Amino acid sequence: MFEYFEPESAQEAISLLGRYGEEAKILAGGTELLVNVRQKAASPKYLVNIKKTKEQLSLLGEKDEGFRLGPLCLLHDIEQEPYIKRNYSAIHEAAHQIGSFQIRNMATLGGNICQDRKCVYYNQSHVDLFMRQSLMDCWARGGKVCHAAGKDSLFHSLVGVEKCWASCSSDMLTALSCFDATIEIRGKNGVRTVQASSFWTGPDAGNKDLGSDELVTGVKLPHLPEETRSVYLKYKKDPKDFAIVSVAARMRMEKNGICEEMALYLGGIAPVPYRAVSVEEALKGKQIGTEAIVDAVKDFLEETKTRGPAMEFKVARTRSLLKNAMLRLLELRG
Ligand SMILES: Cc1cc2nc3c(=O)[nH]c(=O)nc-3n(C[C@H](O)[C@H](O)[C@H](O)COP(=O)(O)OP(=O)(O)OC[C@H]3O[C@@H](n4cnc5c(N)ncnc54)[C@H](O)[C@@H]3O)c2cc1C
């Protein structure tokens, strides 16, 4: 059982978080938190529903030399926003591919980027709760073991793992990272901003750069040169599922075919959005065509220690998704 609050303002919500700390949880659309509560992966004593702060926290529009998105913006509204579709198409495409229409109509941006990691041994709803309870508690549940470690699996990280093999499950964070978006966070000590790409910190650093007394109050996207093109591709087992691997790609090319800017972020393969630095570096400042792209991705993740066919397939799928994303960017350039 929990005590339930409906603050009328962001400030009131922050005071409640300050008062109850780790025992309190923000409730936005509830499409993730309530599943976690059912899966016994979260057991808040205090629920702070922020829906009544909608006027303050659901702005979707231009502000302060950037495009601002409030944490209470619904994924459906982000998907439908013409300005996003035109200028940040990877964000439109990421939102469009999350869950189902019903989920996107309830789910918020803040809830998406603040969601918990996903793992079959921790909170994936299709796994038998009884099976999970019969296992020793894993790192994510406060224990000292990772049941996914050493296993050949499609659904866990390939790289950047220390103790917990769960991967970054947030499609919106992967897409926002590729635009150098910033996240505004408010707490009792004031306001601060963090880069979207470093908001998830991995299991050793508490998973997110977000204190228990802090609230995400906005996301800002920088304005980009007109020639920028972006795409979001996602490979998943089921249409309503989380990404096995996803790619957010942004590129700006000169008329002569030289790649001026390139940002590539991957979801589903690491505990945080993973930047494909080696591929970016192989292509930046060069004339780009199919051959250059194929060449740039062919050895990507070569160092990964795969443990069987599932992981080998995941590496191959990651390379082909990266390649397809960049080929689509070339097509979009016209
Ligand atoms: C069937 C199904 C399919 C799904 N598919 C996908 C998918 O493909 N991709 C994907 O990324 N997600 C997916 N999800 C997960 C989830 O629905 C989304 O991540 C959704 O955007 C969460 O938003 P919400 O408003 O419902 O969050 P909630 O459930 O209300 O909250 C989620 C977490 O965020 C915290 N939180 C919410 N808002 C704030 C804030 N402003 N500041 C600080 N903390 C906050 C909450 O305390 C909680 O810990 C799926 C879920 C389901 C049930």
Side-chain angles (χ1 to χ4, degrees), residues 31-32 74-81 84-85 88-109 111-113 115-120 124-126 153-160 166-179 181 196-197 199-200 219 229-251 262-276 279-280 293 297 300-301 310-311 313-332:
T31 63
E32 206 254 345
L74 296 180
L75 298 182
H76 173 72
D77 294 340
I78 295 174
E79 181 194 347
Q80 297 298 321
E81 167 59 46
I84 299 257
K85 213 168 173 173
Y88 308 96
S89 15
I91 292 179
H92 157 78
E93 290 173 8
H96 177 67
Q97 294 180 69
I98 290 174
S100 58
F101 177 77
Q102 289 85 344
I103 296 273
R104 297 194 292 277
N105 235 346
M106 294 278 292
T108 65
L109 175 65
N112 191 279
I113 63 177
Q115 66 179 278
D116 206 346
R117 62 200 127 167
K118 298 290 171 300
C119 172
V120 288
Q124 287 291 73
S125 53
H126 56 273
S153 157
L154 269 186
F155 303 99
H156 292 95
S157 294
L158 292 172
V159 280
S167 59
C168 175
S169 45
S170 168
D171 284 305
M172 294 310 283
L173 193 72
T174 307
L176 291 170
S177 298
C178 117
F179 290 102
S197 54
F199 182 56
W200 279 42
V219 169
R229 300 286 178 271
S230 66
V231 295
Y232 191 82
L233 302 187
K234 178 169 169 180
Y235 174 67
K236 49 193 172 175
K237 218 174 107 211
D238 180 276
K240 291 194 274 311
D241 225 341
F242 289 90
I244 290 175
V245 50
S246 63
V247 178
R250 166 172 68 89
M251 181 168 76
M262 166 84 78
L264 299 167
Y265 278 88
L266 295 145
I269 69 157
V272 299
Y274 187 79
R275 189 163 197 175
V279 182
E280 287 178 15
I293 290 172
V297 301
F300 183 62
L301 297 181
M311 285 179 89
F313 172 78
K314 187 159 173 163
V315 169
R317 205 70 187 85
T318 303
R319 287 179 188 154
S320 72
L321 212 64
L322 259 175
K323 181 187 80 183
N324 292 343
M326 287 184 286
L327 291 177
R328 252 195 71 200
L329 287 174
L330 280 188
E331 273 170 33
L332 288 173

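What you see is a predicted model; the values in this text were computed from it and never measured. The figures that follow rest on heavy atoms only: side chains count, while hydrogens, waters and symmetry mates do not.
With sequence neighbours excluded, the residues satisfying side-chain hydrogen bond (donor to acceptor under 3.5 Å, both in side chains) with Ser246 are Tyr232. Checked against side-chain hydrogen bond (donor to acceptor under 3.5 Å, both in side chains), Arg319 has no partners two or more places apart in sequence or in another chain.
A distance of 4.5 Å separates CG in Leu176 from CD1 in Ile91, rounded to the nearest 0.5 Å. Atom OG of Ser320 and atom CZ of Phe313 lie 7.5 Å apart (nearest 0.5 Å). Here Leu173 contributes atom CG and Leu109 contributes atom CG; the two are 9.5 Å apart, rounded to the nearest 0.5 Å. How far CD of Gln115 is from SG of Cys168: 7.5 Å, rounded to the nearest 0.5 Å.
The two residues Phe242 and Lys118 come nearest to each other via the heavy atoms CZ-CE, 3.4 Å. Scanning both residues, Tyr274 and Ile269, for their nearest heavy atoms gives CD2-CD1, 3.8 Å. Heavy atoms only, all atoms of each residue included: Ile98 and Arg104 are closest at O-NH1, 2.9 Å. Contact between Phe300 and Val279 at its shortest, heavy atoms only, is CD1-CG2, 3.8 Å. Residues Asp116 and Ser169 approach most closely at O-OG, 3.4 Å, considering heavy atoms. When all heavy atoms of Arg229 and Leu332 are compared, the closest pair comes out as NE-O, 3.5 Å.
Without hydrogens or angle criteria, Ser167 side chain to Ala270 main chain gives no donor-acceptor distance under 3.5 Å. Judged by distance alone, the side chain of Ser170 and the main-chain N or O of Asn112 form a donor-acceptor pair under 3.5 Å. Ser89 places a side-chain N or O within donor-acceptor distance of the main-chain N or O of Ser230, the cut-off being under 3.5 Å. Looking at His92, its side chain does come within 3.5 Å of a backbone N or O of Glu79 through a donor-acceptor pair. At least one donor-acceptor pair closer than 3.5 Å links the side chain of Lys314 to the backbone N or O of Ile244. For the pair Lys234 (side chain) and Gln97 (backbone), a donor-acceptor distance under 3.5 Å is present.
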When you look at Ile103 and Leu75, which way does the side chain to side chain contact (heavy atoms under 4.5 Å, CB included) test go after all the steps? CA-CA 9 Å; Ile103 296 273; Leu75 298 182; 5.6 Å; no
